[in-house]
Amino acid sequence: MTNDLDIFVGNTTLIDEDVYRLWLDGFSVSDAVTLRLRSGILEQTGATVDVLQSDTMDHYRTFHMLERLLHTPSKLIHQLHFQIPPSRQAMLIERYYAFDESFVREVLGKKLSKGTKKDLDDISTKTNITLKSCRRQFDNFKRVFKVVEEMRGSLVENIQQHFLLSDRLARYYAAIVFFANSRFETGKKKLQFLTFEDFAYCAEQMIENWTLGAVDSNVDDMDVDLDKEFLQELKELKVLIADKDLLDVHKSLVCTSLRGKISVYNEMEANFKNLSRALVNIASKLTHNKDVRDFFIDLVEKFIEPCKSDKWTLNDVRLFLTQYMTSAHTVDAFRHQALWDRYMNTIKSCLLKMYHD
Amino acid sequence: MPGKLKVKIVAGRHLPVMDRASDLTDAFVEVKFGNTTFKTDVYPKSLNPQWNSEWFKFEVDDEDLQDEPLQITVLDHDTYSANDAIGKVYIDIDPLLYSEAATVISGWFPIYDTIHGIRGEINVVVKVDLFNDLNRFRQSSCGVKFFCTTSIPKCYRAVVIHGFVEELVVNEDPEYQWIDRIRTPRASNEARQRLISLMSGELQRKIGLKVLEMRGNAVVGYLQCFDLEGESGLVVRAIGTACTLDKISNTAFLPACNSPSKEMKEIPFNEDPNPNTHSSGPSTPLKNQTYSFSPSKSYSRQSSSSDTDLSLTPKTASSPQGPRIFLFPSSPTLSCGSPHLNKSCLLFPGPSLNPLHSSHVSPVVLRKSVSFTEELLLAASGMGSGSAGKEGGPFKALLRQQTQTALEQREFPFFTLTAFPPGFLVHVGGVVSARSVKLLDRIHNPDEPETRDAWWAEIRQEIKSHAKALGCHAVVGYSESTSICEEVCILSASGTAAVLNPRFLQDGTMEGCLEQRLSWQPGFFSIGSEKGEVDFFPQNQDSSSLLGTEETSPLGCGFCHIPYDELNMPFPAHLTYCYNCRKQKVPDVLFTTIDLPTEAMVIGKGCLIQARLCRLKKKAQAEANATSISNLLPFMEYEVHTQLMNKLKLKGMNALFGLRIQITVGENMLMGLASATGVYLTALPTPGGIQIAGKTPNDGTYEQHISHMQKKINDTIAKNKELYDINPPEIPEEIIGSPFPEPRQRSRLLRSQSESSDEVMELDLSHGKKDAFVLEIDDTDAMEDVHSLLTDVPPPPGFYSCNTEIMPGINNWTSDIQMFTSVRVSRLSNINLTNQTLNKNFNDLCENLLKSLYFKLRSMIPCCLCHVNFTVALPEDEVIQVTVTAVAITFDKNQALQTSKVPAAEKTLQRASTDNEEQLQFPLELCSDPLVSQPFSPAKAASLDKASPLAEGHLRHRSIPSCTNSSVSVVKMTPLSFIPRAKITKYLGIINMFFIRETTSLREEGGVSGFLHAFIAEVFAMVRAHVAALGGNAVVSYIMKQCVFMENPNKNQAQCLINVSGDAVIVVRESELEMVPVQPSAPVSQPTSAGGDVTT
């Protein structure tokens, strides 16, 4: 005797969070049953494998039907088809849009195109995340990107409104959209030590300070694209390294204030010019898309790695960057104070976040 | 008398993309009622159109208002080709036709297409203006209220219970008309949906007319069913109980003369709180209490009989509204003769005692008819004060005659109610059922469905005579059903034979008027332990003992007492003295189709008991088929009964409530499924155990095996007793004074076969004359039976189940409920089926289904599955479909052991404590789920709007956060007549919906499971949407009456028909209610305030 049809429909849609997780992780029904068996659920409930199988199938069917709605979460909230308490709806959405760290690190900054989608097979093998789950995560990125790409207003808030995500997750998506739009390179070997969280933080800083939205909240793509004018202006900062006097004054100001405070004073003093050149060069090159993409690599190669090799502590870096930034204000011949702050505040935050002890 | 129907189409949302090129839709709406159609403008290029139409006005007859559904069609405009239909919404406007229900229908309805399912939603507002004054209004059947609930609805009281109403209409099934060959499946489905909608409207209107004829204003326990007879047509039939209901409101304390009952002649009645006057003196409640009922005397009773008053306590006197019921026979013309009638009954008390064997023959239409009475309950009327002796005989006969006279004047003294106010039900006789096998042929003239009418009349007649044989004059908990396979149809009817309170019935007859009157306090209609209930009983009991009539026992055992003369029993029965009052006789087991009466004294908890049975049958045609089915039926009934009895004993219980036996016919088999709730009634004797006896006593190993089995059975009984808390106090035999030292089981199946002769075949269910209940293992069959007994696994810890409204022993429900429907279709794999393997398969199917439910609902533990309703269908050869609908309710474990009659003070405490818990839960939820409140908070949305002055350009985006707060309103659904921890404040009307869903891409929709899963979810959604549009927040007495599923996997097709019904209501949570000050006099003798409607 076989069951052709076996369904359970509750007036309030029954959602098992554990099964939902398995479904999101892309396991097939039979794999999910095996995993549930391993969790010892049968011993706890006295059920049989058949029951577990039927229950899992049932949940999978429900999730499959819900998936269509999850693509536009506002539909899930308003639809009449499934009666789901608001807290559960929020859970469904939040989990559906959640992603794996290892996956997001693979695609962060890549173009969310069909080409990348084809590479999901490799990513799946590499990260040990099922292809199904990879696809869901990739499609989520792409879907969010498409919806908010051309939209006015705050990126985070747009995402939150359209996808009803928690603040934290909305910020992460903002970072993903921002990175995908500017195509920042994050996959190079040298960048592997950085977590998604690091990048998300940097993205947030950059969105806050370097995009159009930072100065004007009434433009298209305000949070997605970097402020072109600002990038142009950054060339002006070159004076800090091009003018030898300025460079020396700057150096002496920094050294004076850091003497005795920083543990790597000698190294700092020796390296000051290199470091300053690196930071200012990064700024001046940002008008080229190629260099924008290499922004993080440059930060690592030109600043983080030299400091690391000299065994700077995070505190040393903080002291240095703070002094480096503020001292520029006291350099009389330097006139781009506002520009300098807009640039350096973000750079400092990013570097500090990226500098792992 | 015309009315004006007004419809406004507001907006649509989430429409499907109809134009692939633009990914958008140019939608417009057609609004159709009767033959009139209006259209909205086309709202171009949007999936969220805002039509905001004018009011479309239809001027129509009220007959049309009742019959026709409002039909709303959403279409996609296409300039070059025909407009594509997106989907439809049918709105039943009946709830707008009576003043107390909904006043407006307004809300979002899912747009439904029979091929694609739900495709977006549409916002509609519907109003009705009736151009008539109340009087004229009452002349039509428009004002009649319908309730699916099988008890008096919570915020009403019954002024009169008139009795049984039935009607059926037939038509050709559009699916089988010639035109179906050339039209699309969609057109065919829609024709069918529309037809059935029309037919239900017509049926309801016709029933309404009957009710008005009886001077009622409502139908309670309304059950409407469809018989899809295929080629021969489509039958829609309904039964119900006509009542005159009076809304309990704050003015309930006013005299009842403003109730509709004043239209009836007996105005003095209304002032009289005590109808109970046949005994004029303060005589002792002993035996030969003369039963004086001279008409003149009784007429003057209102002033004279103060000593017999049940309600002349000061408090009740001050509230003379005297909640009362008039039983109003359907044939009022007999009124003039009734005093004589009474007399004649006195003179000839006999005839009702032996009608059991008089089988009726229906000569022409009926090809074959088999019918049964199961006297599962043996009962004789207990005389007052323990004098069940000879003196009692005539007196009882007299009483019975009296009440019978009253009820006999109606054609069918049936009540579809399953729960009654205390005191209404005097004795319960047992289950009566009748079945009849018919061959269907085409209904030639749809306007005169005489054949079908005659079939049912026949069955009802049989039920009536069975009830008489049990010494009962009425049938309660009555229901009818059919099972159809090809051209064979089994009609079934069943109910519980009962004696209704003669005190309530007699005075009407004596007065030469046919109004019988029942009086009780209206607050007691409610199920569950309302305050004041306990207080009521002493009164009742006082009066009864004073009167010396048969009366509800103070111990709540009255209904168990046998309703007929012990010395004149229609069948051999085994009786003992009641274990509660020790005065009157009770049977040792009691089977009924009703809910457990609230006054019943129960030990421990109840449990769901099922008997399952399959019988193979040869494939045959027409009459041969009908004959073989008829021949099988008695054996099935017998076996089902035996199984129930065995399982009941195995549980250590002695009574079944809510018994429902379903016999399903298929091509090559018959299925029997009986479900009931077993309980241990204190009034009935402790059930004996089950003895196993072998046929070959000399075989040593065999003996060993037998004793092993016996041990297993005994262990199971002991385990069950522990599980269900059944620990009755040991009562020494002497105290009981029973002349029968041992409880014995005997019951008997009486069968009348109308076709061949009047010969009566009797089946003795008592298994010979053995002392205990003995199972003989003489062959493998019997072995299987014993095994199957033991294979029923008890539910996992924390779970209980029942198929009745209330679960005895559990009364502290929380508001956490989950209604569900589960469907399984199983294909029997092996071709060479035997009865045994079939039985086993079926048993496994049901057991696994239950196990699966327990697993799914494990998060609700401790929890009880209530109103578990199984239905079996045999859609094809070797395919069994089982559908279960039930509600799971979580209860509070800590208070689980309290008895059902909690003192009022304690109860409020209990309530308060749970309220606290609820309050605690709320913040907890908040912190565990911070995402809920944050992203959707209105403050945030507002600030957003402020922050970005570009709102205009992006209005569509902006509008979303503003409405995220107004999320879809929650609608609870339950098959019960109440929502735990909440109070029904208003009934908004009946929900009766019929849907068809078809697919030609079965695999793409996830196979049969995916298809049906989605469809049932859609049905729920549409029911919820309709309820919400009526302004309601819950559906009670929800039932899925039909779920017909057909598939053709080869063609990648499937079709399903679902019919659901229920009562749309507004409920208010108890905790919210308590804000409102309660009447100070609540606990004593004013149960109206407890049961009443405090909020309105």
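This is a predicted model, so every value here is computed, not measured. Letters A, B, ... are given to chains in the order of the sequence lines, protein chains preceding strands, and every chain is numbered from 1. Worth knowing before you read on, the calculation uses all heavy atoms, side chains too, and leaves out hydrogens, waters and symmetry mates.
- B:Arg824 and B:Ser852 form a side-chain donor-acceptor contact under 3.5 Å, judged by distance and modelled atom types alone.
- For the set A:Thr45, A:Asp55, A:Val51, the entry with the most heavy-atom pairs within less than 4.5 Å of chain B is A:Asp55.
- Ring pair A:Tyr20/A:Phe63 is tilted by interplanar angle, where 30° to 60° counts as tilted.
- The pair A:Arg95-A:Glu17 meets the salt-bridge criterion, since a charged nitrogen lies less than 4.0 angstrom from a carboxylate oxygen.
- Of the two parts of A:Asp16, only the side chain, counted from C-beta on, holds a non-hydrogen atom closer than 4.5 Å to a non-hydrogen atom of chain B.
- Between chain A and the residues B:Val879, B:Ile817, B:Val823, B:Val1008, the largest count of heavy-atom pairs under 4.5 Å involves B:Val823.
- For the 3.5 Å distance criterion, the side chains of A:Asp100 and A:Gln137 qualify, holding a donor opposite an acceptor.
- Most heavy-atom pairs under 4.5 Å with chain B: of the set A:Asp50, A:Thr13, A:Ile41, this distinction falls to A:Ile41.
- Most heavy-atom pairs under 4.5 Å with chain A: of the set B:Met1022, B:Lys972, B:Arg1024, this distinction falls to B:Arg1024.
- Comparing B:Gly1006, B:Ala1017, B:Ala1028 by how many heavy-atom pairs each has under 4.5 Å with chain A, the most go to B:Ala1017.
- Contact annotation for A:Asp6: both backbone and side-chain heavy atoms come within less than 4.5 Å of a heavy atom of chain B.
- Heavy atoms closer than 4.5 Å to chain A are found in both the backbone and the side chain of B:Glu1018.
- Neither the backbone nor the side chain of B:Gln881 comes within less than 4.5 Å of any heavy atom of chain A.
- A:Tyr173 and A:Gln160 share no donor-acceptor pair across their side chains, judged by distance under 3.5 Å alone.
- No other option in B:Ser822, B:Pro796, B:Ala1021 has as many heavy-atom pairs under 4.5 Å with chain A as B:Ser822.
- The aromatic ring centroids of A:Tyr60 and A:Phe27 lie 6.0 Å or more from each other.
- With contacts defined as side-chain heavy-atom distances shorter than 4.5 Å, the pair B:Ile861/B:Phe799 qualifies.
- Of the two parts of B:Val971, the backbone and the side chain both hold a non-hydrogen atom closer than 4.5 Å to a non-hydrogen atom of chain A.
- Interface residue B:Ala1025: only side-chain heavy atoms are found under 4.5 Å from chain A.
- Below 30°, between 30° and 60°, or above 60°: for A:Phe99 and A:Tyr172 the angle between ring planes is between 30° and 60°, a tilted geometry.
- Interface summary for chain A: among B:Leu849, B:Val887, B:Leu1012, the most heavy-atom pairs under 4.5 angstrom belong to B:Leu1012.
- With B:Phe855 as the aromatic partner, B:Arg858 meets the cation-pi criteria of under 6.0 angstrom to the ring centre and within 45 degrees of the ring axis.
- With a threshold of 4.5 angstrom between heavy atoms, B:Phe1045 approaches chain A through side-chain atoms but not through N, CA, C or O.
- Closest approach of A:Leu69 and A:Lys75 over heavy atoms only: CD2-CB, 4.1 Å.
- Highest contact tally toward chain B, considering only A:Gln79, A:Arg168, A:His64, is held by A:Gln79 [criterion: heavy-atom pairs under 4.5 Å].
- Residue with the most contacts toward chain A among B:His14, B:Met819, B:Lys851, B:Lys856: B:Lys856 (heavy-atom pairs, distance under 4.5 Å).
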